[in-house]
Each structure stands twice: as C-alpha cells, then as structure tokens.
Amino acid sequence: MCGIVGYIGTEQAAPRLLDGLRKLEYRGYDSAGIAVRNASGFQVAKAKGRLQELVDKTHDGADLPGTIGIGHTRWATHGEPTENNAHPHISYHGHVIGVHNGIMENYLEQRNKLEVRKGFNFYSQTDTEVIVNLVEYYFLKYGMGPRDAIARSMMRIRGSYALALMFDCEPDKIYLARKDSPLIVAKAEDGVYVASDVPAILKYAQDVYYIDNMEIVETDGNYIHFFSIDQEPIEKELVHVDMDPESAEKGGYEHFMIKEIMEQPKAMKDTLNSILTEEGKIDLTRIGLDINTLKDVEHIYIAACGSAFHAGVVGQYVIEDLTGVPVRNELASEMRYRNMPFGDHGLLILISQSGETADTLAALRKAKEAGVKTIAIVNVVGSSIAREADYTLYTVCGPEISVATTKAYSAQLIAMYALGLNLALAKGKLDEETYTRLLDEVISLPGKVEEVLKKNKARAVQRFANKISTIHDAFFIGRGLDYAVCLEASLKLKEISYIHSEAYAAGELKHGTISLIEPGTLVIGILTQPELVEKTLSNMVEVKARGANLLAIDMSGEEIVKKTANTLISLPKIDPHFAPSLSVLPLQLLAYYVSMAKGLDVDKPRNLAKSVTVE
C-alpha cells in the first residue's frame with residue numbers, strides 16, 4: 001500500500017521519481033505526487049487517479065527542474081482521494097516537506113495540540129500533514145537540526161511510518177525514518193535512490209541498505225549515514241538484490257499477471273533448487289534448520305493473510321498427513337489479537353510474498369515473545385519478516401508485480417511441500433524410499449505445470465471464460481486439498497473480475513448454500529483426491545439437478561466425471577499431496593481471461609494493493 005521514491009544526485013530528479021512510481025503502481029494507490037527542490041524552492045505537483053495523470057501534468061517531469069526530490073503514490077486512509085490530500089505535504093511555515101507510508105494512530109491528538117496550542121493551520125485531512133508539522137514544530141521551537149527534530153517527532157508518533165523528508169535549510173539533503181513500514185536506500189553512480197520497494201530502483205542499483213525500525217538516514221547523494229533514534233551512528237551492511245531488472249517489465253506480455261502465470265514453472269524450479277543438494281535431496285540446514293530442531297517439533301502453527309493464508313491451508317493438510325503433527329492455520333489478522341496458547345516445542349510458519357505484511361509481522365513478534373521458533377517463507381530478501389524470523393526459506397520468484405498473486409503462491413506451495421517432507425523424514429514418519437518417491441513427484445511439478453499451461457489448454461480456458469464473463473455469482477467446491485484450492489481460486493476470480501464468488505467445502509452445500517443455486521449458476525468442482533472424488537461428485541450431481549452449469553477440474557479420469565460436468569479440464573497425474581500445484585493453474589487462467597473479457601484493469605484491480613503494510 002502506497003509507494004515512496006526519492007532521488008538526490010547529478011541528474012534531473014522528476015523523471016526518475018516518476019519512473020520509480022511507475023514501478024510501484026502495483027502496490028495500490030488513488031493519487032500521486034512529487035516534490036523537487038531547485039533554485040525556486042520546493043516545487044510540488046499532484047494528481048488524483050492514475051499516475052499517468054501526473055506524468056501528463058508535468059510533461060513526464062520536464063516541468064520540474066532540480067536534482068533532488070521525493071515522490072509518492074497514496075492509498076487513501078485519512079481523507080478521501082483528492083489532490084489536496086495527496087502527498088507530498090508541506091508544513092505550515094514551509095520549512096519541511098515530506099511523504100509518508102503507514103498510519104499515525106494518534107494524529108487527531110497531535111493535530112489538536114498543534115492547532116490549538118501552537119497555532120498551526122492544516123489544509124488536508126491526512127495524518128501525514130500532521131507529521132510534517134510536528135517535525136517543523138520541533139525544528140522551530142527548539143532550534144533543532146533536521147535529524148534531531150525527526151527523532152523527537154518519532155517519539156510522539158504512535159503507529160507505523162516510512163518517511164522521506166526535505167528541509168528548506170538543507171537544500172542538498174534527504175532525510176528518512178522508519179517504523180514498521182519498509183524503506184530502502186541505495187547508492188548508484190549518479191546519486192542516491194530511495195524507495196519503499198526494490199522494483200522502483202532496480203534498474204539503477206542492486207545493492208541496497210534496508211532501513212530498520214526506529215532508524216534515521218541522512219544523505220546528500222554522495223554519502224548515506226545511518227543513526228539510531230538516540231542519534232548514535234549505525235554501521236549497515238549492503239544487501240545484494242539478485243533480481244534481473246527486466247523481470248520487473250512485461251516482456252511482451254499484455255499484462256504482468258499472464259506473464260507471471262507463465263513464469264510459474266521457473267519460480268517453482270528455482271525455489272526448489274535453492275534447497276536441493278547435488279544428490280537431489282532437500283537440505284534445510286542451508287537455512288539453519290537442522291534435523292534435531294525438526295525432530296523436536298510437536299506443534300505447528302501457520303500465520304498468513306490472503307493468498308498466503310490459502311497456501312497455508314494446503315500446508316496444513318499436507319504436513320499433518322505426512323507427519324502426524326497437529327497443524328493450526330491462522331489468519332494473521334486474527335492471531336495477533338487472540339490470547340492464543342502455544343504448545344511446547346512449537347514452530348510457527350509465517351508466509352508472506354512481500355515479507356512486510358503488517359498482520360503477519362505482528363503475529364511473528366507475538367510468537368517470538370512466547371518463545372516459539374519461527375520460520376518465514378517470503379520472496380523479498382532482507383524484508384522485515386525475513387530478518388526477524390529464526391529461519392527464512394526464500395521463494396525464488398523475482399519481483400511479482402500483478403496485484404493478484406500467482407507465481408509467489410505456487411512457490412509458497414513448493415516451500416510447504418519441502419518442509420512437510422523433511423519434517424516427516426526427521427520424525428521417522430517416512431522411510432527413505434517413500435521420501436525419495438514423493439520428492440521425485442515434487443521435482444516433476446515444474447514440467448507438469450508447463451504441460452497444463454500449454455497454449456492450446458490456455459485457449460480452451462479462454463473460450464470458456466468468454467462464455468461465462470457476464471455471470472454474477474460462482475461457487476467453488478471441493479474436499480480436503482481440493483477445498484484449499486477452492487479458496488484461492490475463488491479469491492482470484494473475485495479480486496480481478498469483481499464477480500461474487502465463494503469457496504465451500506463440498507460437504508457443506510446442504511447446510512444452507514445449495515439454496516443459492518439456480519439455473520445457470522456456475523459451480524466449479526475440483527476432483528484431485530482419489531478417496532474424495534465420489535463424495536465431491538455426488539455434490540456436483542446435486543447442484544446440476546438444480547440447473548447449475550458445472551465445470552470440473554479433474555485428475556481422476558473417471559468416465560462419470562466427463563458425463564456429469566458441462567465442461568471438463570483434465571490434469572496430468574501427480575501424487576495427491578501435490579495436486580494443488582496443478583489444479584490451481586486453469587483457475588488462475590480463468591480469472592485472468594474473465595477479467596480480460598470484461599475489459600478490466602487486470603494488474604491493478606480496484607481498491608486492492610499488492611503489499612498490505614498497514615492494518
């Protein structure tokens with residue numbers, strides 16, 4: 001949510017700021033703005049709506065000369081999406097200008113103090129304007145330097161923030177501060193770049209500094225200095241971001257989503273290869289997770305949000321079945337506020353594409369306070385969750401730009417399979433022969449994914465999508481791991497096509513939901529679990545009798561499935577534990593092509609953000 005960029009160097013800032021903001025459009029926003037410092041002082045340009053409005057307004061930045069500036073894409077929280085509420089915000093006396101990601105929880109209290117007691121006036125409804133005025137207040141009242149004023153203000157702000165600030169008294173510097181909202185800074189040949197996420201600066205620099213909580217950064221384009229909130233200097237290590245800048249481009253595809261769907265075989269293979277030995281065995285000691293630690297695990301908890309939570313549902317089924325260890329999969333947004341008892345010898349698995357998901361990060365910290373071991377499954381090297389967890393298993397996807405996740409979800413499944421297999425082996429639940437057979441099945445997945453994604457099969461899904469694109473409701477049904485996939489498939493359809501869809505454990509239909517079935521209602525049944533095919537099929541027959549239009553995603557090859565379904569998509573055989581990696585694919589394609597048929601913005605669906613870094 002929201003995006004921050006900054007630049008200070010030898011080149012014109014505005015075009016670079018706009019370029020960086022383009023790379024952050026996937027995060028979700030409803031207005032944008034940039035501020036550049038030049039001989040005339042601060043020059044600000046803002047626009048409501050898409051970034052292109054700002055690009056056109058500034059003639060791609062040409063109208064704003066100057067080599068130092070900050071920019072922002074805003075997701076409205078405090079105040080509706082308007083130019084007035086868009087960032088950057090300038091302080092009442094004009095000494096400070098800044099952009100902000102996050103939420104200031106006590107902004108009303110601080111705003112009231114500044115207005116009533118200190119004589120400050122406000123022009124926006126935002127918490128960000130309160131922050132820049134708070135900084136200015138300390139800057140003026142105590143004659144503090146910028147860094148001291150920022151540190152004093154940080155002590156007064158409750159909530160989360162990533163800040164980029166410029167001061168009129170120091171025309172050649174940018175200041176940064178951070179608490180619970182991501183921010184990075186990097187030195188390139190032509191200056192220093194600032195961003196809230198790596199893709200914004202990837203083509204300029206691939207060695208970055210991750211700013212930690214309660215840290216302040218000062219840079220003039222030549223140096224980057226780090227300080228604690230107590231003004232103590234901090235030494236930081238550079239982190240190399242191993243991503244090809246071209247991976248953040250569409251590469252000839254019409255949308256990032258279809259590109260990322262087609263990149264799934266590579267993402268799965270690369271993730272698996274990162275933990276495979278030359279002998280073809282999974283080696284989790286590479287991430288510090290030794291066999292004795294795994295052997296001691298008696299309880300497993302999973303915390304995640306959105307699609308990552310759905311990957312956790314798959315993990316719950318697979319790990320429990322392979323290991324016999326009880327697994328609880330929890331929505332991180334609920335777990336963080338529950339007085340949840342953790343058993344002895346527990347392990348919490350955190351799943352997050354960005355590694356910055358606010359609720360998942362909070363769940364991680366709660367578990368660590370309780371003394372629970374934690375392992376993160378994330379895609380972003382150096383992210384907050386990755387740094388704070390005891391162990392980190394990286395998915396190797398490269399940047400995922402489309403708001404609707406596909407390749408990150410598939411890589412998360414691979415990580416869950418790997419954990420389940422090695423935990424089962426460590427606890428003596430699998431012999432070497434069975435372990436090797438199952439691992440060979442996992443290793444075969446990328447090839448089978450490629451088979452499902454072949455052009456002729458994708459075209460068949462597209463034809464079906466075109467036929468049903470005008471529907472208003474859809475229901476996904478399945479049992480066991482098929483139900484887990486229903487959850488993800490339903491989310492994909494609703495988030496990018498705006499069609500109301502629901503996922504149900506098929507056995508629950510008779511407990512109320514079947515009353516919603518009427519002639520023409522789309523019902524999608526998933527049948528990949530051999531012992532459950534007959535059960536799910538009986539539920540499909542029930543809805544067909546009430547006029548439902550049935551689509552079956554089938555791995556059984558049973559003749560009766562062909563006779564029952566109106567439309568059938570057949571999948572290659574795989575061990576049922578790993579079937580979710582195949583059954584989700586045609587349903588990702590279905591969501592994509594329905595959205596296309598409706599003429600919607602596939603990569604940037606309304607009201608949604610890629611990275612949810614606030615509650």
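Keep in mind it's a predicted model, so treat the numbers as computed, not measured. Because only heavy atoms are used, hydrogens play no part in the values below, and waters and symmetry mates are left out as well, while side chains stay in. Here, residue 1 is the first one in the sequence, and each next residue gets the next number.
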Between R50 and V55, is a side-chain contact (heavy atoms from CB on, under 4.5 Å) present by the stated rule, with each step listed? CA-CA 9 Å; R50 289 298 183 198; V55 171; over 6 Å; no
Could you go through the side-chain contact (heavy atoms from CB on, under 4.5 Å) check for I70 and I4 one step at a time? CA-CA 7 Å; I70 53 179; I4 286 176; over 6 Å; no
Side-chain donor/acceptor of Q412 to backbone N/O of H310, under 3.5 Å: no
Please work out whether the ring planes of Y92 and F120 are parallel, tilted or perpendicular, with thresholds of 30° and 60°. tilted
Main-chain N/O of N222 paired with D220 side-chain donor or acceptor, under 3.5 Å: yes
Assess whether a salt bridge exists between E115 and K118, defined as any Lys/Arg side-chain N lying under 4.0 Å from an Asp/Glu carboxylate O. no
Is any side-chain heavy atom of L17 closer than 4.5 Å to one of V36? yes
For the pair T73 (side chain) and G3 (backbone), establish whether a donor and an acceptor sit closer than 3.5 Å, ignoring hydrogens and angles. yes
Contacts satisfying salt bridge (Lys or Arg N to Asp or Glu O under 4.0 Å) that involve residues 164-177 (not counting sequence neighbours) are E170-K173, K173-E218
Could you check T128 against H87 for side-chain hydrogen bond (donor to acceptor under 3.5 Å, both in side chains), going step by step and ending with a plain yes or no? CA-CA 8 Å; T128 305; H87 304 202; 3.2 Å; yes
Worked verdict on K373 versus D390 for salt bridge (charged side-chain N to carboxylate O under 4.0 Å, His left out): CA-CA 6 Å; K373 291 285 187 184; D390 296 308; 5.1 Å; no
For a 4.5 angstrom cut-off between non-hydrogen side-chain atoms, does Y137 reach S91? no
Are side-chain heavy atoms of R156 and E109 found at a separation under 4.5 Å? no
Short side-chain to backbone donor-acceptor contact, T271 and A267, under 3.5 Å: yes
Would you check, one step at a time, whether the test salt bridge (charged side-chain N to carboxylate O under 4.0 Å, His left out) holds for K269 with E450? CA-CA 11 Å; K269 188 174 183 179; E450 283 188 347; over 6 Å; no
More than 12 heavy atoms of other groups within 6.0 Å of K187 NZ: yes
Could you go step by step and tell me if V132 and I90 meet the side-chain contact (heavy atoms from CB on, under 4.5 Å) rule? CA-CA 7 Å; V132 297; I90 192 162; over 6 Å; no
side-chain contact (heavy atoms from CB on, under 4.5 Å) assessment of M257 paired with K492: CA-CA 11 Å; M257 184 177 178; K492 280 292 150 292; 4.2 Å; yes
List the steps, then state whether side-chain hydrogen bond (donor to acceptor under 3.5 Å, both in side chains) holds for Q264 with S410. CA-CA 7 Å; Q264 285 177 110; S410 288; 2.6 Å; yes
Would you call F139 and C169 a side-chain contact if the rule is heavy atoms closer than 4.5 Å? yes
Verdict with supporting geometry, R365 and E369, salt bridge (charged side-chain N to carboxylate O under 4.0 Å, His left out): CA-CA 6 Å; R365 291 168 179 168; E369 287 174 5; over 6 Å; no
Kindly give the heavy-atom pair with the smallest separation between S333 and C305, and that separation in Å. N-SG, 4.4 Å
Would you say the side chain of I184 lies within less than 4.5 Å of the side chain of V239, judging by non-hydrogen atoms? no
Surrounding NE2 of H59 (heavy atoms of other residues, nucleotides or ligands, distance under 6.0 Å), is the total greater than 12? no
Are any side-chain N or O atoms of D603 and backbone N or O atoms of H255, one a donor and one an acceptor, separated by less than 3.5 Å? no
Does NZ belonging to K368 count more than 12 external heavy atoms closer than 6.0 Å? yes
Would you say T285's side chain and L289's backbone share a donor-acceptor pair under 3.5 angstrom? no
Donor on one side chain, acceptor on other, R16 and Y204, under 3.5 Å: no
Validation row: I174, V192 side chains within 4.5 angstrom (heavy atoms): no
Whether R111 and D127 form a salt bridge (side-chain N of Lys/Arg under 4.0 Å from carboxylate O of Asp/Glu) is what I want to check. no
Ignoring hydrogens, what is the shortest heavy-atom contact between P265 and V449? Give both atom names and the distance. CG-CG1, 3.7 Å
Yes or no on side-chain hydrogen bond (donor to acceptor under 3.5 Å, both in side chains) for N379 and T395, after CA distance, side-chain angles and deciding distance? CA-CA 5 Å; N379 193 47; T395 54; 3.1 Å; yes
Pairing of E53 and K57 as salt bridge, 4.0 angstrom limit: no
Within the distance-only criterion (no hydrogens, no angle test), does the side chain of D190 pair as donor or acceptor with the backbone N or O of T10 below 3.5 angstrom? no
Check for me whether K236 meets the cation-pi criterion with Y209, that is, NZ or CZ under 6.0 Å from the six-membered ring centre and within 45 degrees of the ring axis. no
Within-4.5 Å side-chain heavy-atom neighbours: I150 and F167: yes
Indicate yes or no: does K23 engage D19 in a salt bridge with an N to O separation below 4.0 Å. yes
Among I131, L176, I216, whose side-chain contact (heavy atoms from CB on, under 4.5 Å) with L163 holds? I131
In terms of heavy-atom contacts, V135 and A149 come closest through O-CB, 3.6 Å
Look at the side chain of Q206 and the backbone N and O of V241, then say whether any donor-acceptor pair between them is shorter than 3.5 Å. yes
Pair E356-S383, side-chain hydrogen bond (donor to acceptor under 3.5 Å, both in side chains): steps then yes or no: CA-CA 6 Å; E356 302 290 350; S383 56; 4.9 Å; no
In terms of side-chain heavy atoms, does S124 have a donor or acceptor partner in E129 at a distance below 3.5 Å? yes
For F226, does its backbone N or O pair with a side-chain atom of E215 as donor and acceptor, under 3.5 Å? no
With no hydrogens and no angle check, is any side-chain donor or acceptor of D359 less than 3.5 Å from a backbone partner on R336? no
Contact check, side chains of C2 and H72, non-hydrogen atoms, under 4.5 Å: yes
